[in-house]
Amino acid sequence: MASLIPNLEHSPDMSPEFKRKKRRKTDETPGPFDRNQGSQRIKRWRTEREQQIYSSKLIEALRRSRRTSSSTPAKEVRETADRVLAVSAKGTMRWSRAILASRLGVGAKTMRKHKKAKVTANRSLRKPEIKGEKRKLPAVERKLKVLGRLVPGGRKLSFSNLLEETSDYIAALEMQVRAMTAITELLAGAGTQPPTDRLGSRINS
Amino acid sequence: MEKDKVLMAEGLNRTAAPPTWNSCSFGMDMQTNELNCATEQVGSCFFNPNWDNSMDQSDPFESALSSMVSSPAASNAGSTLPGFGENVMIRELIGRLGNICNSGDISPQSFVKPNNNTNSGNTSCYSTPLNSPPKLNLSMVESQIRGNLNLPGLGNQLPNHPSLAPFSADPGFAERAARFSCFSTTSRNFGGLNGQLGLTETELPQRLRPRMDSVKLSRVSSNQSIKVTGSQVNVPESNKNSPQEGSSGSDKKNSRLSRSSSPENAEFGDSKEESSVSEQIPGGDSSIKVQNDANARKRKSIPRGKAKETPSPVAADAKVAPENGESTAKRSKQEEAAGNAKEKTEQNGNGKAANDGNQKQGKENSKPPEPPKDYIHVRARRGQATDSHSLAERVRREKISERMKFLQDLVPGCNKVTGKAVMLDEIINYVQSLQRQVEFLSMKLATVNPRMDINMEALLSKDMFRSRGSLPHALYSMDSSAPAFPFGYQLQQQALPLHSGISNNVETQFSMNPLNAVLRKTQGVQLPPIDGFTDANPQVASFWEDDLQSIVQMGFGQNQAQSYQGSMAAAGQVKIEL
């Protein structure tokens with residue numbers, strides 16, 4: 001993870017140059033191989049092993065993070081969970097690196113700056129609307145933008161790369177939900193059962 | 001003669017093993033090896049099964065060879081230039097090899113000038129179909145040949161020989177050239193062995209005639225005889241007649257050709273026999289016939305004939321192109337737009353069964369020597385635009401559609417949806433729902449979290465103090481070995497009533513109901529654990545942590561439901577013992 005950090009710090013610095021609607025091309029994986037690699041990656045997210053690893057890491061992180069609670073517990077838990085998920089991705093995917101970068105705070109600041117600048121640039125560049133006609137980007141592109149906002153680090157991706165990131169992100173999210181549900185069940189279940197009603201009778205019988 | 005046969009056999013044998021051929025084709029070693037073994041009967045080489053096999057493999061070459069050989073044979077009758085024939089023959093063959101081979105540069109491009117009408121883009125036979133820069137090691141051969149053959153006045157006469165005419169792309173040429181090469185290398189040393197070879201030379205054509213079962217043999221023999229006579233070989237004329245030669249390029253063929261040329265030059269000396277031999281040669285007609293099939297065959301012959309290691313992708317492409325008109329392997333250029341565009345269009349042309357087989361093959365063959373580039377290979381489909389832009393666009397679209405299909409499998413409920421916009425909508429919705437679930441779960445975990453430590457400590461402390469040891473034993477056992485199974489097994493019976501509740505939660509993960517239920521549970525439970533469980537025993541806590549870890553692992557290693565049962569049963573037991 002430490003090795004990832006220097007790389008991540010560079011990318012936010014470079015982004016102001018490319019921010020203007022330019023989709024920065026990430027390294028293109030070769031077409032014929034993409035399906036194999038992608039499916040392998042995604043299948044990895046579905047394995048039990050990955051879920052175990054994630055769960056244990058999450059528990060560890062949660063235990064540690066209880067000491068320093070910077071924000072509301074729910075948000076903190078959420079951030080911890082996302083961070084651990086990104087770590088589980090081992091930095092192969094862009095969204096994982098983006099998550100880890102954002103955690104550093106450096107990336108967050110620069111991204112905030114970019115956000116503001118981006119807005120102003122849009123306003124200046126946008127042509128005056130013709131009366132009665134709403135100027136919208138093509139539907140697909142709009143949705144791409146929305147999706148890019150949803151997926152961490154997806155704002156500057158091209159269509160195909162964004163789709164790839166999305167598929168991996170969805171698989172990772174599903175695993176995250178499964179793992180967190182299980183943990184929650186474990187912990188909640190520890191306290192939920194009424195102590196004597198069912199088990200007591202069972203044990204005594 | 002025996003030497004010749006052996007040499008030819010050697011050459012043929014080597015053609016069967018291209019890599020070795022390439023390595024030593026133009027080396028002096030070949031000569032020495034061949035000569036050393038020359039004592040055996042040379043005539044047998046004509047019947048060499050390798051020869052036949054190689055011949056069979058390269059049918060298109062036959063006609064080219066025949067044409068090449070026939071013309072000199074035909075023209076040989078009258079004119080004679082002393083001391084020229086050998087080297088001229090060699091030069092001719094080399095020139096033809098230059099068309100085929102892409103391994104090195106051929107120096108005598110000056111030879112080729114005027115008579116090259118066949119290939120449009122080729123002003124010199126050496127620059128034809130296979131490569132724009134003919135990369136042929138024939139220069140080496142030539143130098144060697146020149147060195148060996150100290151024929152008088154040859155050096156002066158060589159440069160301006162007009163007869164070394166266009167070695168245009170001939171499908172059969174490479175094959176024939178390669179075959180001839182087996183003679184050529186041998187002939188290098190024949191300069192000094194002319195005396196010995198005199199008999200053999202005469203014998204060979206005689207032997208050849210009755211053995212003209214294969215046209216190629218006859219052609220070879222006639223060629224050789226031409227050389228030996230020293231007549232000015234109107235090899236150029238033969239070259240003219242075979243304008244299609246030299247399309248497929250392989251070092252193997254080149255080497256064979258070069259090797260064959262020299263022995264041809266040296267071995268045979270009877271012009272009369274040449275003429276007789278030449279009559280038996282089918283002549284250049286077949287070559288013309290071949291021309292029409294050349295395009296189709298060239299591509300096929302290229303992969304077959306190729307002796308190189310690298311062009312497996314190219315060979316595959318070449319094979320695929322004619323066979324599968326809709327193959328979609330494509331070369332997309334990323335940086336080298338111009339050069340790649342050329343290659344692309346060429347390959348697209350190949351895929352489309354265009355007619356410029358020579359150029360395409362030349363450029364196709366120019367690819368193998370290039371280091372394999374790191375970009376995606378695409379072939380344009382039949383009937384589609386071959387523009388570089390459209391190709392890139394097509395690649396992009398295919399990539400996008402491929403990934404959309406992938407996402408379709410991933411996102412539930414997307415199978416019926418078609419169209420990118422609607423699918424994107426679905427994907428966005430799904431991602432949002434997943435993120436919302438994570439939010440909820442993290443909130444839940446946050447509420448459970450403070451209880452976690454307390455609970456663990458408390459539970460463990462209770463175990464330590466109050467339990468009769470069943471649970472701690474279970475805990476210990478879990479810690480020590482892989483005891484998850486006995487632990488879970490113990491509690492499984494007791495946890496049956498809990499199972500239904502757990503399974504409900506597990507199964508309906510994505511609905512709000514279980515979350516609400518769990519939240520209600522947690523809220524309900526929050527109060528009781530807070531009171532009283534305050535003694536924090538670090539050891540106990542560590543026990544519980546390990547227990548939790550092992551539970552987690554156990555749960556995930558086995559049935560999830562089991563783990564839930566186990567953990568909940570354990571918790572329940574602990575509570576009971578309170």
> What part of A:Ile53 gets closer than 4.5 Å to chain B, counting heavy atoms only: side chain, backbone, both or neither?
Replying inline: neither
>> Could you go through A:Leu85 and A:Met175, starting from their C-alpha distance and side-chain angles, then the distance that decides it, and tell me whether this counts as side chain to side chain contact (heavy atoms under 4.5 Å, CB included)?
In response: CA-CA 9 Å; A:Leu85 187 67; A:Met175 189 218 74; 3.7 Å; yes
>> With chain B as the partner, which of A:Ala139, A:Ser167, A:Ala81 has the greatest number of non-hydrogen pairs under 4.5 Å?
In response: A:Ser167
>> Going by the rule side-chain contact (heavy atoms from CB on, under 4.5 Å), which residues pair with B:Gln435 if we only count those two or more places apart in sequence or in a different chain?
In response: A:Arg78, A:Leu150, A:Tyr169, A:Leu173, B:Val431
>> For a side chain to side chain contact (heavy atoms under 4.5 Å, CB included) check, start with the C-alpha distance between A:Thr166 and B:Leu410, then their side-chain angles and the critical distance, and finish with the verdict.
In response: CA-CA 10 Å; A:Thr166 305; B:Leu410 214 52; over 6 Å; no
> Between B:Met423 and chain A, which part of the residue has a heavy atom less than 4.5 Å away: side chain, backbone, both or neither?
Replying inline: neither
> Can you list the residues that meet the side-chain contact (heavy atoms from CB on, under 4.5 Å) rule with B:Val422, with sequence neighbours excluded?
Replying inline: B:Val417
